[in-house]
Amino acid sequence: MTPVGPHPAVADVRRAVRDALADVPDNALILTACSGGADSLALAAALAFEAPRANLRAGLLTVDHQLQPGSKHRAETVISLAREMALTPAEILTVTVGKEGGPEAAAREARYAALDEAADRLQAAAVLLGHTRDDQAETVLLGLARGSGPRSLSGMAARSGRYRRPLLHLPRTTTVAACHAQGLTPWDDPHNEDTRYTRVRVRRTVLPVLEQELGPGVAEALARTAALAREDADALDEWADSAFQNCALSDIGESVSLTVTELEKLPPAVRRRVLRRAAIAAGSPSGALSATHVLSVDRLITHWRGQKAVDLPGGLSAVRRYGTLIFAISPIA
């Protein structure tokens with residue numbers, strides 16, 4: 001009798017995780033972030049299966065944002081599942097979510113700070129995240145709506161530092177099916193139905209309308225667009241990194257100075273990347289620094305009329321003086 005393999009959805013998720021772990025050295029610790037939802041739960045199960053076969057150790061982290069009643073109990077349930085899967089260490093990371101940038105951005109900032117701390121403390125080689133193709137499509141639409149340029153349209157990277165997103169090419173239907181095939185019951189986060197959140201409105205209203213009006217495959221096309229935009233954005237960023245070094249007169253953390261004559265030689269797409277990098281290096285929060293802010297600074301170069309300093313997020317100012325563009329936290333007199 002021919003042996004029966006795993007359900008196709010289970011096989012797809014396991015294959016994605018196996019590919020993501022291919023370059024990890026033996027006996028390294030891999031952590032997966034798990035909320036208990038279908039995406040992260042399917043990912044955790046796949047990691048539990050693949051890690052020992054790759055001679056790797058596997059653990060799980062779940063973040064309690066303390067934003068809903070019963071969140072601690074939910075986190076404890078996820079940890080219980082982790083132990084059943086033999087994922088160890090398995091930890092609850094309890095965070096306090098601030099308000100800066102809105103609820104979604106504040107929760108994301110708190111979550112990644114906690115994951116970073118745990119990964120450093122546990123000396124993890126990588127942290128797996130359960131974002132799917134649907135999440136990527138939503139991210140592209142949000143970036144398009146903000147008018148934030150090619151970097152936002154490039155969506156989430158499959159790899160970014162220690163973080164890896166093995167499921168970016170798979171639809172959410174695959175993770176749901178994988179959970180069902182393995183007898184796993186995902187948690188449906190009430191926030192995923194709360195239309196106060198922009199991403200929820202994109203998921204529940206915008207994408208379905210696009211699929212209805214333009215035909216099926218919109219999410220896949222958006223994810224493909226993200227991959228193409230990322231290639232271009234990465235090339236421009238690499239150029240901008242080199243240009244920043246050529247333009248920088250000083251970079252001491254609280255003040256960054258750039259020479260205007262070097263900035264004027266650059267194509268707009270590269271120059272504005274240099275300006276954004278300079279603002280962030282001087283202390284402006286990257287999440288709050290918009291394309292509008294960067295364009296305002298750019299006019300100090302392209303439309304110089306002796307205008308006053310440009311105010312930027314984080315209490316930063318940018319001003320042009322004697323052929324030098326200066327970014328500083330303290331107000332510039």
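Worth knowing before you read on, the calculation uses all heavy atoms, side chains too, and leaves out hydrogens, waters and symmetry mates.
- Of all non-hydrogen atoms in L316 and A279, the two that sit nearest each other are CD2-O, 3.5 Å.
- Looking at heavy atoms from C-beta onward, F49 lies out of side-chain contact with P6 at the 4.5 angstrom threshold.
- Partners of R201 under the salt bridge (Lys or Arg N to Asp or Glu O under 4.0 Å) rule, at least two apart in sequence or in another chain, do not exist in this structure.
- Shown here are the side chain to side chain contact (heavy atoms under 4.5 Å, CB included) partners of K265, two or more places apart in sequence or in another chain: E262.
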Return a table of donor-acceptor pairs under 3.5 angstrom between the side chains of residues 7-15 and protein atoms on other chains or two or more places apart.
unit_1, atom_1, unit_2, atom_2, d
H7, ND1, A9, N, 3.0
D12, OD1, R15, NH1, 2.9

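- Atom OG1 in T88 sits 9.5 Å away from atom CD1 in I79 (nearest 0.5 Å).
- A side-chain donor-acceptor contact under 3.5 Å links R299 and S296.
- Under a 3.5 Å cut-off, the side chain of E211 and the backbone N or O of V218 do form a donor-acceptor pair.
- By the 6.0 Å contact criterion, CH2 on W187 is enclosed, its count of non-hydrogen atoms from other residues, nucleotides or ligands being greater than 12.
- Counting heavy atoms from C-beta on, the side chains of V310 and S317 never come closer than 4.5 Å.
- By the 4.5 Å heavy-atom criterion applied to side chains, I301 and D298 are counted as neighbours.
- Under the rule for a salt bridge (Lys or Arg N to Asp or Glu O under 4.0 Å), the partners of D241 that lie at least two apart in sequence or sit in another chain are R277.
- Counting only distance, with no hydrogens or angles, the side chain of T175 and the backbone of R172 share a donor-acceptor pair below 3.5 Å.
- Between the side chain of S40 and the backbone N or O of S35 there is at least one donor-acceptor pair closer than 3.5 Å.
- No side-chain donor-acceptor contact under 3.5 Å links E50 to the backbone of A46.
- Partner L325 forms a side chain to side chain contact (heavy atoms under 4.5 Å, CB included) with one of V256, T259, L275 and no other, that one being L275.
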N/O donor-acceptor pairs under 3.5 Å from side chains in residues 228-236, not counting sequence neighbours:
unit_1, atom_1, unit_2, atom_2, d
R230, NE, S154, O, 3.4
R230, NH2, S154, O, 3.4
R230, NH2, G155, O, 2.4
D234, OD1, R151, NH1, 3.4
D234, OD1, R151, NH2, 2.9

List the atom pairs, donor and acceptor, that lie under 3.5 Å between side-chain atoms in residues 70-78 and the rest of the protein, sequence neighbours left out.
unit_1, atom_1, unit_2, atom_2, d
S71, OG, D64, OD1, 2.7
S71, OG, Q68, O, 3.4
T77, OG1, H73, O, 3.0

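- Residue M85 is tested with T32, L184, L60 for a side chain to side chain contact (heavy atoms under 4.5 Å, CB included); the sole match is L184.
- The distance from atom CG of L56 to atom CG of L47, rounded to the nearest 0.5 Å, is 8.5 Å.
- Remark: S80 pairs with no residue by the side chain to side chain contact (heavy atoms under 4.5 Å, CB included) rule, at least two apart or across chains.
- Counting only heavy atoms from C-beta outward, the side chains of T225 and L153 never approach each other to under 4.5 Å.
- Put simply, CG on L300 and CZ on R320 are 8.0 Å apart, with the number rounded to the nearest 0.5 Å.
- Residues H293 and S290 bring a donor and an acceptor atom of their side chains to less than 3.5 Å of each other.
- Taken together through direct or relayed side-chain contacts under 4.5 Å among Ile, Leu, Val, Met, Phe, Trp and Tyr, L168 and Y163 form parts of separate hydrophobic clusters.
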Would you be so kind as to tabulate the donor-acceptor pairs closer than 3.5 Å made by side chains of residues 120-132, with sequence neighbours excluded?
unit_1, atom_1, unit_2, atom_2, d
D120, OD1, R162, NH2, 2.2
R121, NE, E117, OE2, 2.9
R121, NH1, E91, OE1, 3.4
R121, NH1, E91, OE2, 3.1
R121, NH2, E91, OE1, 2.9
R121, NH2, E117, OE1, 3.4
H131, ND1, R165, NE, 3.0
T132, OG1, D134, N, 3.4
T132, OG1, D135, OD2, 3.2

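- The CG atom of L141 sits 5.0 Å away from atom CG of L222, with the distance rounded to the nearest 0.5 Å.
- For the atom pair CG of L87 and SG of C34, the computed distance is 9.0 Å after rounding to the nearest 0.5 Å.
- Applying the salt bridge (Lys or Arg N to Asp or Glu O under 4.0 Å) rule to R276 yields no partners; only residues at least two apart in sequence or on another chain are considered.
- Applying the salt bridge (Lys or Arg N to Asp or Glu O under 4.0 Å) test to R199 and every residue at least two apart in sequence or in another chain returns E138.
- Grouping Ile, Leu, Val, Met, Phe, Trp and Tyr residues whose side-chain heavy atoms lie under 4.5 Å apart, directly or via other members, leaves L295 alone, with no other cluster members.
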Show me, pair by pair, the donor-acceptor contacts under 3.5 angstrom made by side chains of residues 23-30, not counting sequence neighbours?
unit_1, atom_1, unit_2, atom_2, d
D23, OD1, R159, NH2, 3.4
D23, OD1, R164, NH1, 2.8
D23, OD2, R159, NH1, 2.8

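- One distance of note links CZ of R133 with CZ of R224; it measures 9.5 Å at 0.5 Å rounding.
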